[in-house]
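Side chains are part of it too, since the values below use all heavy atoms of this structure and drop only hydrogens, waters and symmetry mates.
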Amino acid sequence: MPMSAEDLGIDYSAFHHVTAFASGKGGVGKTTLTGNNATKTASKGIPTLAIDANGQGNLRREFGMGEGDKGEAFYEALKNGTPLEPIRNVRDNLDVVLGGKELRQINTLFLEIAQSEGPYAAFLRLAKCLQPLLSRYGVVWMDAPPENPNVLTLVLCASRWLVAPVKMDVCSLEDALKDISDAFRAAKQVNQSLELLGVVHFGSPNGSSGIHKEVVAEARKLLGKSTHVFDETIHASSKTAKLARQLGVSVWELEALKRPEDKHFESTLSKLASAHDALTTAMLLRMRSRLEMAA
């Protein structure tokens, strides 16, 4: 049985542009960040792949996609160990692998692979299915599930970077960060290139600099003093988020529409769109800097 990633033909140098948004808690912005980052990088002309590894399959709403595939293609690729088959050109330069209820079978599949092919083959199944696609894309963003530890492990074993979104509440900061820290350490035993790119403060009131300082302090207490917490925060705006999903667009795409009926919250929308843009840019720059330091 294979005893390492190399035994399975996994070349982690090819995963340098793969980022997972993950947390031990739902509702902290993983899907929103995946969708906004994906549409933004695609709009900049970067070939982009977005992957929804969630059983709920909500990422489709960020792109205005219908029900269609409910994760069947994703599941079949994992089952057979074959390359993922994205839906092409959801936006210019943007392909998407959809999640959905079919992914809820992965726990059983994970155990079957571990028993028949060994634990490394199970942990690295997603990496095996993703690797053949990587040369097509300049960036890959993955939305990881909080409720399924096996799928979370699959995602982290197929990523170079982890971004952990948090909200300023006890469950998000303490419980969720402890959970993602445990998952990170477990995945790191298989994927030694995995690195925490940073923590993102999501969903606090606009201009809450005091709350952000608390988030920074708590994240570094739980994850280590050197933990990077992005200065670029995404403030709460439930109305904007709801409207964007209803229209099937990202926040910055909604702002760019300049719809007359949105005039009454134009300022809020503009600030939120700018925040998402700044955060995407900060992530890309940090990736580049970390890769240059490692070279």
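- Contact annotation: the side chain of Thr19 never approaches that of Val139 to less than 4.5 Å [non-hydrogen atoms, C-beta and beyond].
- The shortest side-chain heavy-atom distance between Thr41 and Trp141 falls under the 4.5 Å cut-off.
- With contacts defined as side-chain heavy-atom distances shorter than 4.5 Å, the pair Leu177/Lys221 does not qualify.
- Residues Gln131 and Asp11 form a side-chain contact, since some pair of their non-hydrogen atoms from C-beta on lies under 4.5 Å apart.
- Counting heavy atoms from C-beta on, the side chains of Leu33 and Leu279 come closer than 4.5 Å.
- Atoms CG and CZ, on Asp52 and Phe63 in that order, are 8.5 Å from each other to the nearest 0.5 Å.
- Checking side-chain atoms of Arg91 against main-chain N and O of Thr39 turns up no donor-acceptor pair under 3.5 Å.
- Counting non-hydrogen atoms of neighbouring residues, nucleotides and ligands closer than 6.0 angstrom, the NZ atom of Lys79 reaches no more than 12 such neighbours.
- By the 4.5 Å heavy-atom criterion applied to side chains, Lys40 and Ser43 are counted as neighbours.
- Proximity of a side-chain donor or acceptor of Asn191 to a complementary backbone N or O of Leu156 within less than 3.5 Å is detected.
- A donor-acceptor pair is defined here as one N or O able to donate and one able to accept, closer than 3.5 Å; no such pair exists between the side chain of Tyr137 and the backbone of Asn93.
- Leu103 has its side chain out of reach of Asn54: every pair of non-hydrogen atoms, C-beta onward, lies at least 4.5 Å apart.
- Between the CG atom of Leu134 and the CG atom of Leu84 there is a distance of 9.5 Å, given to the nearest 0.5 Å.
- Atoms CZ and CG, from Arg288 and Leu284 in turn, are 8.0 Å apart once rounded to the nearest 0.5 Å.
- Taking Lys70 as the reference, Glu67, Glu72, Lys101 meet the side chain to side chain contact (heavy atoms under 4.5 Å, CB included) condition, with sequence neighbours excluded.
- Using a 3.5 Å distance cut-off with no hydrogens or angles, the side chains of Ser250 and Glu253 do pair a donor with an acceptor.
- No side-chain heavy atom of Asn36 sits less than 4.5 Å from a side-chain heavy atom of Ile234.
- Using a distance-only test at 3.5 Å, with no hydrogens or angles considered, a donor-acceptor pair links the side chain of Arg286 to the main chain of Leu197.
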